[in-house]
Chemist: 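Provided herewith is a single structure, encoded as structure tokens, for subsequent inquiry.
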Amino acid sequence: MNAETKTTDFDANSEIFVADFSDLITCQQRVTAFCRWFDLPDPGLRYDEDGDILVDDVFLRWCKDEGISIDWLVCGDPKGMAAVFRERQRGRNQMESDIAELDEDEVEMFAFAIRAYVKNTVPLDQAKEVLKKCIEEYREETKAA
């Protein structure tokens, strides 16, 4: 973090990481900022008679489709986003650790399972389960040899 400019040192458009959150007070300001940060078009949200965003099916679908935290968007509460990030990061760290322990043949099995999932031919849970069984069998066979 560069304290002078209050931006991060990421190799990305630093304007989207400005640490001044004074323009994120209202729900509309958070929608506008989110769209700006991720280069999204105006979502075409509807408003009630008081001028507040109407929390309806259109709004909820947009939130789901764009992966935005409703807690943050509506209430300004970032805890939900932080919790999701933390959980995903923990999973990533565990996955990296697990992959590092694979030998060359096991990495090939892993790549095969990922390709099957990415090509939408196998659900992720099924690909993971088959991969786990294949690696267990492979390790038993190589131990016995």
Side-chain angles (χ1 to χ4, degrees), residues 1-140:
M1 178 78 84
N2 181 335
E4 198 169 286
T5 60
K6 293 187 178 181
T7 60
T8 61
D9 294 324
F10 295 134
D11 289 335
N13 180 355
S14 61
E15 290 179 21
I16 69 172
F17 295 106
V18 174
D20 176 15
F21 300 112
S22 63
D23 65 340
L24 301 177
I25 303 301
T26 68
C27 182
Q28 180 58 58
Q29 289 172 322
R30 289 186 288 274
V31 168
T32 300
F34 188 82
C35 290
R36 187 182 68 229
W37 295 340
F38 298 103
D39 197 25
L40 298 173
D42 181 297
L45 300 174
R46 298 183 301 176
Y47 299 85
D48 64 17
E49 56 277 351
D50 295 326
D52 295 325
I53 291 177
L54 190 60
V55 179
D56 60 2
D57 290 344
V58 172
F59 174 80
L60 295 174
R61 190 175 323 106
W62 178 76
C63 290
K64 181 180 182 218
D65 290 348
E66 296 304 335
I68 189 168
S69 165
I70 294 173
D71 292 341
W72 174 72
L73 189 63
V74 174
C75 304
D77 185 358
K79 286 184 288 195
M81 292 187 306
V84 168
F85 176 81
R86 182 174 187 244
E87 191 61 32
R88 284 186 180 162
Q89 191 61 35
R90 283 179 160 178
R92 172 180 281 159
N93 292 345
Q94 182 60 50
M95 180 186 279
E96 288 173 357
S97 174
D98 291 346
I99 292 171
E101 294 175 8
L102 301 177
D103 70 17
E104 232 176 276
D105 292 327
E106 293 168 345
V107 168
E108 283 298 317
M109 291 177 212
F110 176 79
F112 181 82
I114 294 297
R115 280 193 298 274
Y117 166 69
V118 169
K119 291 180 179 180
N120 294 317
T121 58
V122 177
L124 183 58
D125 289 342
Q126 184 180 350
K128 287 169 47 179
E129 190 61 36
V130 170
L131 173 64
K132 182 179 176 182
K133 287 179 183 176
C134 288
I135 288 176
E136 286 172 357
E137 288 176 14
Y138 168 78
R139 288 180 178 172
E140 285 181 27

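Predicted model only: the values in this text are computed from it and were never measured. We number each residue from 1, following the sequence as shown.
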Chemist: At their closest point, which heavy atom of Cys75 faces which heavy atom of Arg30, and how far apart are they?
Modeler: C-NH2, 3.9 Å
Chemist: Any heavy-atom pair between the side chains of Leu102 and Ile135 that's under 4.5 Å?
Modeler: yes
Chemist: Are more than 12 heavy atoms from other residues, nucleotides or ligands located less than 6.0 Å from atom CG of Asp39?
Modeler: no
Chemist: If I take atom CD from residue Glu129 and atom CG from residue Leu124, how far apart are they, to the nearest 0.5 angstrom?
Modeler: 11.5 Å
Chemist: If you take all heavy atoms of Asp71 and Gly80, which pair is closest and at what distance?
Modeler: OD2-CA, 4.5 Å
Chemist: Just how far is it from atom NZ of Lys133 to atom CE of Met109, taken to the nearest 0.5 Å?
Modeler: 15.0 Å
Chemist: Do Glu66 and Phe34 have side chains that get closer than 4.5 Å, going by heavy atoms?
Modeler: yes
Chemist: Is atom CG of Asp48 surrounded by more than 12 heavy atoms (other residues, nucleotides or ligands) closer than 6.0 Å?
Modeler: yes
Chemist: Could you tell me whether the side chain of Leu73 reaches within less than 4.5 Å of the side chain of Trp62, counting heavy atoms only?
Modeler: yes
Chemist: Looking at OH of Tyr47 and CD1 of Ile53, how far apart are the two atoms once the value is rounded to the nearest 0.5 Å?
Modeler: 4.5 Å
Chemist: For Val58 and Arg46, which heavy atoms make the closest approach, and how far apart are they?
Modeler: CG2-NH2, 4.3 Å
Chemist: Closest approach of Val31 and Pro43, non-hydrogen atoms and distance?
Modeler: CG1-CG, 3.9 Å
Chemist: Might you confirm whether atom CZ of Phe85 has over 12 heavy atoms from other residues, nucleotides or ligands at distances under 6.0 Å?
Modeler: no
Chemist: Do Glu137 and Cys134 have side chains that get closer than 4.5 Å, going by heavy atoms?
Modeler: no
Chemist: With rounding to the nearest 0.5 Å, note down the distance linking NZ in Lys132 to CG in Asp98.
Modeler: 10.5 Å
Chemist: Calculate, to the nearest 0.5 Å, the distance between atoms CD and NZ belonging to Gln126 and Lys128 respectively.
Modeler: 12.5 Å
Chemist: In Å and rounded to the nearest 0.5 Å, what is the SG to CD1 distance from Cys35 to Ile68?
Modeler: 7.5 Å
Chemist: State, to 0.1 Å, how close Asp103 and Asp105 come at their nearest heavy-atom pair, and which atoms those are.
Modeler: OD1-N, 3.0 Å
Chemist: Below 4.5 Å, heavy atoms only, C-beta onward: do Leu54 and Phe59 meet side chain to side chain?
Modeler: no
Chemist: If you define the side chain from C-beta out and look only at heavy atoms, does anything of Glu101 sit under 4.5 Å from Glu106?
Modeler: no
